[in-house]
**Student:** 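One structure, pasted below without further comment.
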Amino acid sequence: MSVKRGVSVGGSVTSTSLEVTRSPFDIGVQQLERAAAAMDLDPNVLEILRRPQRVLSVYFPVRMDSGSVRVFHGIRSQYNNALGPYKGGVRYHPDVTVEEVMALSMWMTWKSAIAGLPYGGGKGGVVVNPKALSRGELERLSRGYFSAIAEVVGPHRDIPAPDVYTDSQVMAWFMDEYSKISGHNVFGVVTGKPLIVGGSLGRDTATARGLSLVVGEAMKKLGFDLGTASVAVQGYGNAGSYSHMFLERMGATVVAVSDSKGGILSNDGLKYSDVSAHKRKTGSVRDFSGCDNITNRELLELDVDVLVPAALENQITGKNAGRIGARLVAEAANGPTTPEADDILGGRGVEVIPDVLANAGGVTTSYLEWVQNLQSYYWTASEVDARLRDVMTAAFDWVWWSKEENEVDLRTGAYIYAIMWVAEAMKVRGWV
Ligand code: NAD
């Protein structure tokens, strides 16, 4: 399917038009329409939800170490703020596109609603390969991007956070840049910060912690024992590596993991402490002693109980869904499964815990960090963890209820539940 979509652009920049083929945003709209049909959604609400409220494109200069200036493309998409300020991460990646960021901002809206957070959804990105930058260039790029989008963000407007290839250091630069512009400290403008400047205990492991909690709940519903389960994890960054750690702690055996360079397999199981140390030392999980090197494609098709895609979008598609060997897919990554793949997996009895539920632990703990920033009162790790557990188990129960009540798959159930709240807020506010 090929479509032409005009992108409305806020702020001081020009509008653009994109020729795209099955972009992540098209997939997001397809998922939205599927849920809208199942819940008989007001067509006026659907009309508003077909596109983000604002997409800001910025082109900003960065002084490179060589002395030359390079101009980078940054994006911030604000999909919907009916339930509260926009909220969502910032991704640094050479393949970032406007449509990808738009899709991610839509998914953030559903995720916040499912977790019952007083947030809407946003997302940001910069088209850059951060691995090719020096630390000084990365800092200047981060400050340049944040200063360029400063007029549309703020602790009550839009609150960014880390995503692929951005971390707590980048968040500290974002916060510092915004604080300089504002003339006073504004810790609550971003989440995922280092502890010393308003970060929350537990934020670094929160996405994986949340994932492990909902995997545990799903296994109970499906009658599987996590203690005897085998797991494969694709992607070994924040979400993937800590998923390995938590699932191992819950008794599961992680037999395969991968990163952008490829994967490793050991039927006897991989220990988190060993693999993460190897990755820290060598830069990759590959070539770990006693293991077979495998490709990312092979990892996805392994005969395991649980598959955790924790890298990028469109990993499970119509092409490989028939060969996915897992009984349960838990989406740590955003958008790893296409709608075609959902149909195939559903037909084969493979349960998918959708991204909007499976990785909601990240935004939930971001919310807890933001609340601590706003009140300048900080909680212990166990207080944060108890709140995260309450939110994730309640979100799981509601999504499961919605799936059964509406007789749909988990993803559609999650969408229906989220859209119901967003639509209700839009109606009460008089948008429709
Ligand atoms: P990260 O930058 O920490 O790690 C990304 C990992 O993916 C790296 O190990 C990288 O090597 C690997 N990777 C990249 N391309 C790959 C490929 N083609 N095949 C296999 N592995 C590949 O990023 P992250 O924060 O862990 O994010 C991963 C996913 O989880 C993204 O989809 C992100 O949107 C989602 N997510 C993250 C958070 C969070 O709090 N970090 C929250 C919600 C969702």
Side-chain angles (χ1 to χ4, degrees), residues 205 207-236 239-258 263-279 285 288-294 296-311 315-316 320-333 336-337 345-355 357-361 385 388-389 392-393 395-397 399-400 403-404 409-410:
T205 55
T207 301
R209 172 75 175 132
L211 179 124
S212 70
L213 290 167
V214 294
V215 167
E217 294 299 310
M219 296 295 268
K220 274 191 240 161
K221 292 273 188 203
L222 299 172
F224 298 160
D225 178 7
L226 194 53
T228 58
S230 57
V231 180
V233 181
Q234 185 206 32
Y236 214 69
S241 65
Y242 287 130
S243 291
H244 182 178
M245 183 180 86
F246 284 116
L247 291 171
E248 179 180 282
R249 275 188 200 170
M250 290 164 78
T253 305
V254 177
V255 294
V257 301
S258 69
I264 49 173
L265 169 69
S266 164
N267 288 322
D268 296 334
L270 299 161
K271 267 186 76 183
Y272 165 74
S273 54
D274 297 340
V275 178
S276 55
H278 174 72
K279 165 112 178 151
V285 298
F288 184 61
S289 71
C291 293
D292 296 324
N293 280 331
I294 55 171
N296 264 295
R297 195 185 132 186
E298 287 167 336
L299 179 138
L300 292 173
E301 297 174 9
L302 287 174
D303 194 10
V304 288
D305 295 306
V306 184
L307 172 65
V308 181
Q315 299 302 303
I316 306 173
N320 63 359
R323 295 192 299 276
I324 297 299
R327 295 196 279 173
L328 174 70
V329 176
E331 296 182 334
T337 311
L345 294 175
R348 295 179 53 225
V350 179
E351 200 73 65
V352 179
I353 309 178
D355 45 10
L357 170 64
N359 68 34
D385 191 61
L388 173 63
R389 176 184 279 273
M392 293 306 297
T393 44
F396 179 88
D397 287 345
V399 169
W400 198 271
K403 161 199 155 84
E404 292 190 333
D409 60 27
L410 266 182

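Here the structure is a predicted model, which is why all the values come from computation and not from measurement.
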**Student:** Work out which heavy atom in N296 is nearest to a heavy atom in Q234; give both atom names and the distance.
**Tutor:**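 So the two residues come closest at OD1-CG, 3.2 Å.
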**Student:** Can you see which heavy atom on I264 is nearest to which on I294, and at what distance?
**Tutor:** N-CG1, 3.8 Å
**Student:** Suppose we screen for salt bridge (Lys or Arg N to Asp or Glu O under 4.0 Å). Which residues come up paired with K220, at least two apart in sequence or across chains?
**Tutor:**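 With neighbours one apart ignored, the set is E217.
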**Student:** Rounded to the nearest 0.5 Å, what separation is found between the NZ atom of K279 and the CG atom of D274?
**Tutor:** 16.0 Å
**Student:** If the condition is salt bridge (Lys or Arg N to Asp or Glu O under 4.0 Å), which residues does E248 pass it with, not counting sequence neighbours?
**Tutor:** none
**Student:** What's the separation between atom CG in L410 and atom CD in E404, rounded to the nearest 0.5 Å?
**Tutor:** 9.0 Å
**Student:** Check salt bridge (Lys or Arg N to Asp or Glu O under 4.0 Å) between R323 and all other residues, then give those that pass, not counting sequence neighbours.
**Tutor:**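 Scan of R323 (salt bridge (Lys or Arg N to Asp or Glu O under 4.0 Å), adjacent residues dropped) gives E301.
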**Student:** Kindly write out the residues that satisfy salt bridge (Lys or Arg N to Asp or Glu O under 4.0 Å) with D409, not counting sequence neighbours, or none if the list is empty.
**Tutor:** none
**Student:** Given side chains that start at C-beta, do those of V254 and V231 come closer than 4.5 Å, heavy atoms only?
**Tutor:**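 Yes, side chains in contact.
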**Student:** Sequence neighbours left out, what passes side chain to side chain donor-acceptor pair (under 3.5 Å) with D385? Give chain and number order.
**Tutor:** R209
**Student:** Do you know the tightest heavy-atom contact between V306 and A326?
**Tutor:**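 For V306 and A326, the tightest heavy-atom pair comes out as C-CB, 4.2 Å.
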**Student:** Looking only at heavy atoms, what is the nearest atom pair of I353 and L328, with distance?
**Tutor:** CG1-CD1, 3.8 Å
**Student:** About how many Å separate CG of D303 and OG of S230, when rounded to the nearest 0.5 Å?
**Tutor:**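 So the OG of S230 and the CG of D303 are separated by 7.5 Å.
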**Student:** For T207 and Y242, what are the C-alpha separation, side-chain angles and deciding distance, and is it a side chain to side chain contact (heavy atoms under 4.5 Å, CB included)?
**Tutor:** CA-CA 8 Å; T207 301; Y242 287 130; over 6 Å; no
**Student:** Answer yes when E351 and K403 have at least one side-chain N-carboxylate O distance shorter than 4.0 Å, and no when they do not.
**Tutor:** yes
**Student:** Find out whether L300 and L307 are in side-chain contact, i.e. whether some heavy atom of one side chain is under 4.5 Å from a heavy atom of the other.
**Tutor:** yes
**Student:** Do the ring planes of H244 and Y272 sit parallel (below 30°), tilted (30 to 60°) or perpendicular (above 60°)?
**Tutor:** perpendicular
**Student:** Listed by chain and number, what are the ring pair (Phe, Tyr, Trp, His ring centres under 6.0 Å) partners of F246, not counting sequence neighbours?
**Tutor:**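 Partners of F246 under the ring pair (Phe, Tyr, Trp, His ring centres under 6.0 Å) test: none.
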**Student:** What's the separation between atom CE in M245 and atom OG in S212, rounded to the nearest 0.5 Å?
**Tutor:**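 Reported to 0.5 Å precision, the distance equals 8.5 Å.
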**Student:** Does R348 reach the main-chain N or O of A321 with its side chain, forming a donor-acceptor pair under 3.5 Å?
**Tutor:**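 Pair found, side chain donor or acceptor close to backbone of A321.
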**Student:** Taking the side chain as every heavy atom from C-beta outward, state whether E331 and T337 have any pair of such atoms under 4.5 Å apart.
**Tutor:**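 In contact.
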**Student:** Nearest 0.5 angstrom please: L247 CG to D305 CG, how far?
**Tutor:**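 CG of D305 is found 11.5 Å from CG of L247.
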**Student:** Take I316 and V352 through the side chain to side chain contact (heavy atoms under 4.5 Å, CB included) test and state the conclusion after the steps.
**Tutor:** CA-CA 11 Å; I316 306 173; V352 179; over 6 Å; no
**Student:** If every non-hydrogen atom of P309 is compared with every non-hydrogen atom of P336, which pair is closest and at what distance?
**Tutor:**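 Closest approach of P309 to P336: CB-CB, 3.8 Å.
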**Student:** Are the side chains of L213 and F396 in contact, using a 4.5 Å heavy-atom criterion?
**Tutor:** no
**Student:** Can you name the closest pair of heavy atoms from D268 and T253 and give their distance?
**Tutor:**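 Scanning both residues, the minimum pair turns out to be O-CG2, 4.2 Å.
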**Student:** Drop me the distance from L211's CG to D355's CG, to the nearest 0.5 angstrom.
**Tutor:** 11.0 Å
